[in-house]
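So the structure is just underneath, and the comments pick up after that.
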There are 2 protein chains.
Amino acid sequence: MLSHWFSRVGSSVPRGFSRHYVLGLLKEQPMTGKEIMDRAIYDSDGKWRPSPGLIYPMLGRLLEDGLIDEVENGRYRTTTSGEDTAADMKSLHNIVQKQLDVMLRVGNVGKFMAFDLIDRVSAIGSALSSNLDRMTEQEKEKYKEFLLAELAKLDEQENINQKVTLEQK
Amino acid sequence: MLSHWFSRVGSSVPRGFSRHYVLGLLKEQPMTGKEIMDRAIYDSDGKWRPSPGLIYPMLGRLLEDGLIDEVENGRYRTTTSGEDTAADMKSLHNIVQKQLDVMLRVGNVGKFMAFDLIDRVSAIGSALSSNLDRMTEQEKEKYKEFLLAELAKLDEQENINQKVTLEQK
DNA sequence: AACACTAATATCACTAGTGACAGTTATATT
DNA sequence: AATATAACTGTCACTAGTGATATTAGTGTT
């Protein structure tokens with residue numbers, strides 16, 4: 001099980017993710033703090049249980065920053081500028097990307113995480129391909145390109161290894 | 001570029017990672033705070049620049065918890081119990097595992113489906129393939145199999161579409 | 001030896017997470 | 001209608017991050 005320390009201070013989500021998540025939810029429909037928390041638990045299969053100490057103060061900050069509005073019954077909705085922030089997929093992407101990058105470079109993490117990542121990619125991949133029919137041609141093309149590029153990299157690496165082996169002979 | 005907000009509050013490492021990282025370093029050799037910071041920058045290719053406000057207070061906490069000792073010239077080394085903590089790969093693994101899990105579940109998966117997922121796969125994939133040299137043969141083989149299987153699915157779908165088109169004629 | 005300069009260390013104010021608990025509001029029961 | 005209870009909301013103390021700034025220690029110059 002997780003150590004006592006980690007269960008106390010560890011986080012289920014990367015720093016900054018929840019802001020995007022909440023804005024994304026409130027763009028669709030007005031929600032209360034409780035509804036947001038429940039939705040997060042539901043969406044994450046119980047893996048992430050955002051605490052009230054995160055949600056309520058954050059709603060206050062978002063309100064102050066003019067990214068959300070209070071509508072009725074303590075429900076909030078994103079304002080126009082909030083929608084822009086929510087739509088900023090690039091920065092959301094960066095939250096994950098940046099951390100993964102560092103984790104894979106630093107320490108012995110990369111090595112022992114690679115296997116795990118493969119599983120993960122496979123999982124996403126299968127979710128993807130079970131929805132192939134919903135993808136546009138352009139999207140499918142992009143996915144295909146990615147797959148081919150990865151294969152090329154693998155092959156290239158294999159060739160290098162063979163070359164090295166030959167030269168050693 | 002990253003938004004002003006994210007560059008201020010975003011983090012390059014998941015919560016709790018640095019503790020493991022520092023313990024891992026100090027297990028090998030005694031280091032000062034500055035040396036730890038420089039090493040992190042070097043190891044991460046400049047992607048992670050831990051601030052003094054993280055390192056020095058943390059060294060203090062680790063010292064209080066008896067996980068590290070001060071040796072000389074302001075250098076610290078992990079104690080025996082510190083080494084145990086550093087070796088606790090399972091909890092380190094969990095730091096990443098848990099977050100990835102949640103992110104993949106929670107993102108706006110339903111709606112964007114394809115496009116967003118492709119980006120995610122590409123992101124993980126590129127992180128992966130830049131670490132190909134760290135993967136074992138077995139791992140690479142598995143990755144390759146996955147890639148080929150996905151391509152096959154794409155091709156298969158194309159065929160179905162053509163068939164449908166033909167029948168409609 | 002005194003002083004300026006530089007680099008390492010420490011501290012501060014901040015945001016974003018955590019859980020625990022306090023306060024408030026709504027609802028149900030009698 | 002009054003009150004008990006439950007649920008939602010808000011706040012607190014904490015750790016872990018961020019950058020900026022203050023303090024300290026060491027070093028070189030005159």
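Every value quoted in this text rests on a predicted model; they were computed, and no experiment measured them. First the proteins, then the strands, lettered A, B, ... as listed; each starts at 1.
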Query raised in the report: Are Y21(A) and W48(A) close enough that their ring centers fall under 6.0 Å?
Result: yes
Query raised in the report: Is there side-chain contact between R77(B) and I68(B), with at least one heavy-atom pair below 4.5 Å?
Result: no
Report task. Please tell me if the side chains of M31(A) and R39(A) come closer than 4.5 Å, counting only heavy atoms from C-beta onward. Result -> yes
Report task. Please name all residues satisfying side chain to side chain contact (heavy atoms under 4.5 Å, CB included) with D65(A), sequence neighbours left out, ordered by chain then number. Result -> R19(A), L67(A)
Query - Interface residues of residues 30-50 of chain A with DNA chain D (non-hydrogen, below 4.0 angstrom) - result: T32(A), G33(A), K34(A)
Query - With T32(A) via side chain to side chain contact (heavy atoms under 4.5 Å, CB included) - residues at least two apart - result: K34(A), E35(A), R75(A)
Report summary line: Heavy-atom nearest pair, H20(B) first then W5(A), reads NE2-CZ3, 4.1 Å
Query raised in the report: Quick one: does L151(A)'s side chain get under 4.5 Å of L151(B)'s, heavy atoms only?
Result: yes
Report task. Indicate, with a heavy-atom threshold strictly under 4.0 Å, whether S51(A) touches base, sugar-phosphate, or nothing. Result -> base
Query - Atom pair CG (D43(A)) and CG (L25(A)), whose distance is rounded to the nearest 0.5 Å - result: 6.5 Å
Query raised in the report: Please give, in whole Å, the distance from dT18(C) P to H4(A) NE2?
Result: 16 Å
Requested in this report: Check every strand shown and say whether R15(A) touches a base, only sugar-phosphate, or nothing at a heavy-atom separation below 4.0 Å.
Outcome: base
Query raised in the report: Do S12(B) and Q99(A) touch side chain to side chain, with heavy atoms closer than 4.5 Å?
Result: no
Report task. With the side chain counted from C-beta on, respond yes when V22(A) and T78(A) share a heavy-atom pair under 4.5 Å apart, and no when they do not. Result -> no
Query raised in the report: Is G60(B) touching bases, backbone alone, or none of the nucleic acid, heavy atoms closer than 4.0 Å?
Result: nothing
Every protein N/O within reach of nucleotides 10-13 of chain C N/O, cut-off under 3.5 Å:
from: dT11(C); atom 1: O4; to: G53(B); atom 2: N; distance (Å): 3.4

Query raised in the report: Under 4.5 Å between any side-chain heavy atoms of L63(A) and Y76(A), yes or no?
Result: yes
Query raised in the report: Does one hydrophobic cluster hold both L26(A) and I41(A), with members joined at side-chain heavy-atom distances below 4.5 Å?
Result: no
Requested in this report: Extract, from 5' to 3' on DNA chain D, the first and final nucleotides lying under 4.0 angstrom from some heavy atom of chain B.
Outcome: dT15(D) to dA20(D)
Report task. Return the angle between end axes of the helix from dA1(C)-dT30(D) to dT30(C)-dA1(D), with five pairs used per end and rounding to 10°. Result -> 30°
Report task. For atom CZ of R8(B), decide whether the heavy atoms of other residues, nucleotides or ligands shown that lie under 6.0 angstrom number more than 12. Result -> yes
